[in-house]
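Quick notes on the structure that follows.
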2 protein chains.
Amino acid sequence: MSKHAKEMGILKEHLGKHQLKFTRQRELILDAFLKQEHITAEEMYHQLARRDPHLGLATIYRTLNLFCEAGLAQARHFGTQTQYDNVSHKGHHDHLICTGCGKIVEFENCDIERLQEEVATQNGFTITTHRLELYGLCSRCRH
Amino acid sequence: MSKHAKEMGILKEHLGKHQLKFTRQRELILDAFLKQEHITAEEMYHQLARRDPHLGLATIYRTLNLFCEAGLAQARHFGTQTQYDNVSHKGHHDHLICTGCGKIVEFENCDIERLQEEVATQNGFTITTHRLELYGLCSRCRH
DNA sequence: ATTCTTTTTGATATAGCTTATCAATTTCAA
DNA sequence: TTGAAATTGATAAGCTATATCAAAAAGAAT
């Protein structure tokens, strides 16, 4: 039994419901994807180049988008690229970013997360992921 | 005295500090920008085409990025395009984004903002701006 | 007002990321 | 095993944003 049996099952269920097929490439890409917290298509392309030199970039994009539709991944546009987040990874962290020196501090705050849920519920949404970035100056750069 | 005297002053101050020049185009673009809550470069290009048919798209991009450096605007990557947010609009609003249909709901939550300040203080930061995006499914797409 | 240096503009080429196209291959149910 | 339907890989095409560069404009000094 594979390490990622649960997610593999979700994928297979999605495939079955939509008359799609379970392929070697989809299995390979899901396996690699689940080991990451988030990854870009390009990064995955290079990572998998050794295991399967003929795996095409288009297939990676197609498959990652498929994962989004299956609810396994979540696309997030960051900078000029698209990050594919592994939804199954818990403990999402947010960022404090110093606009002076570029320093980044990661943090987690349950109260904020709870309020986010509240806002979402009020608007009829169910949140799958979020992104919170606070921009400002760190203590050193303020002086 | 213009309607946007304050922001025009901020821009001029930024220009002065960086040996940049105050041009007809920058004035025109800032004036149009401040009337929006957020806008893409392409949208502004079409909006301003009537007032100045020769205004180039590159100039719009350059100027909107300039506004970001001056603290008047904030770039936000959404979908395949970049949204430029008008920072001067009160009650900085955050976004609920449906990953199913692309629907966007804007919201404001003082409690979240207060907690953000707290987190920043604990880490020695002073916040100048922030970005919060909640991704999920709206009530219609959930079914 | 004129001159001169520096910056900006507009038009277009280029770059970077993602999707579309399509013949060849693979999947999977019959 | 067979055959219809879906997938793949290679590459072209699409789209957004930036780089390039000659011509124009801004602003300081005369």
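So you know, we letter chains A, B, ... as the sequences are listed, proteins then strands, and number each from 1.
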- Task: Nearest 0.5 Å please: distance from the CG atom of L30(A) over to the OG1 atom of T63(A).
- Result: 9.5 Å
Donor-acceptor pairs under 3.5 angstrom involving side-chain atoms of residues 45-52 of chain A: please list them, not counting sequence neighbours.
unit_1, atom_1, unit_2, atom_2, d
H46(A), ND1, E42(A), O, 3.1
Q47(A), OE1, Q36(A), NE2, 3.2
D52(A), OD1, H54(A), N, 3.1
D52(A), OD1, L55(A), N, 3.4
D52(A), OD2, R24(A), NH1, 3.1
D52(A), OD2, R24(A), NH2, 3.4

Starting at atom [atom1] of [X], determine the distance to atom [atom2] of [N], rounded to an integer number of angstrom.
X      : N       : atom1 : atom2 : value
L57(A) : dG16(C) : CG    : C1'   : 12 Å
I60(B) : dT9(C)  : CD1   : P     : 10 Å
R24(A) : dT25(C) : CZ    : P     : 14 Å
R76(A) : dT18(C) : CZ    : P     : 13 Å
Q81(B) : dT18(C) : CD    : P     : 15 Å
K12(A) : dT27(C) : NZ    : P     : 13 Å

List for me each residue that meets salt bridge (Lys or Arg N to Asp or Glu O under 4.0 Å) alongside [X], sequence neighbours excluded, and say none if there are none.
X      : result
K12(A) : none
R62(B) : none
E13(B) : K17(B)
D85(B) : R76(B)

- Y61(A) vs dT19(C): side-chain N/O to OP1/OP2 distance below 4.0 Å: no
- Task: Could you tell me whether the phosphate oxygens of dT18(C), OP1 or OP2, come under 4.0 Å of any side-chain nitrogen or oxygen in N65(A)?
- Result: no
Could you list, one pair per line, each protein nitrogen or oxygen that sits under 3.5 Å from a nitrogen or oxygen of nucleotides 6-8 of chain C, together with the distance?
unit_1, atom_1, unit_2, atom_2, d
dT6(C), O2, K21(B), NZ, 2.4
dT7(C), O4', K21(B), NZ, 3.4
dT8(C), OP1, K21(B), N, 3.2
dT8(C), OP1, R26(B), NH1, 2.7
dT8(C), OP1, R26(B), NH2, 3.2

- Query: Can you find a pair of side-chain heavy atoms, one from F67(A) and one from L11(A), that are under 4.5 Å apart?
  - Reply: yes
- Item | Non-hydrogen side-chain atoms of L134(A) and F107(A) separated by less than 4.5 Å | yes
Show me the donor-acceptor pairs, under 3.5 Å and distance only, between side chains in residues 115-124 of chain B and residues at least two apart or in other chains.
unit_1, atom_1, unit_2, atom_2, d
Q116(B), OE1, H130(B), ND1, 3.4
T121(B), OG1, E117(B), O, 2.8
N123(B), ND2, V119(B), O, 2.8

- Query: So what is the end-to-end bend of the helix from dA1(C)-dT30(D) to dA30(C)-dT1(D), with 5 pairs used at each end and the value given to 10 degrees?
  - Reply: 30°
- Query: Taking the six-membered ring where the residue is Trp, are the ring centres of F33(B) and Y84(B) under 6.0 Å apart?
  - Reply: no
- For T40(A), which residues count as a side-chain hydrogen bond (donor to acceptor under 3.5 Å, both in side chains) partner, sequence neighbours excluded? none
- Message: Which residues pass the side-chain hydrogen bond (donor to acceptor under 3.5 Å, both in side chains) test with T80(B), not counting sequence neighbours?
- Response: none
- Message: If we check side-chain hydrogen bond (donor to acceptor under 3.5 Å, both in side chains) with Q74(A), which of these qualifies: N86(A), T129(A), T128(A)?
- Response: T128(A)
- Which parts of residues 47-55 of chain A get close to DNA chain D, meaning a heavy atom less than 4.0 angstrom away? H54(A), L55(A)
- Identify whether any heavy atom of T82(B) sits under 4.0 Å from a base atom; if not, whether one sits that close to sugar-phosphate; answer base, sugar-phosphate or nothing. sugar-phosphate
- chain B reaches DNA chain D, atoms under 4.0 Å from its heavy atoms, from dT16(D) to dG27(D)
- Item | Taking every non-hydrogen atom, the tightest pair across F125(A) and I97(B) | CE2-C, 3.8 Å
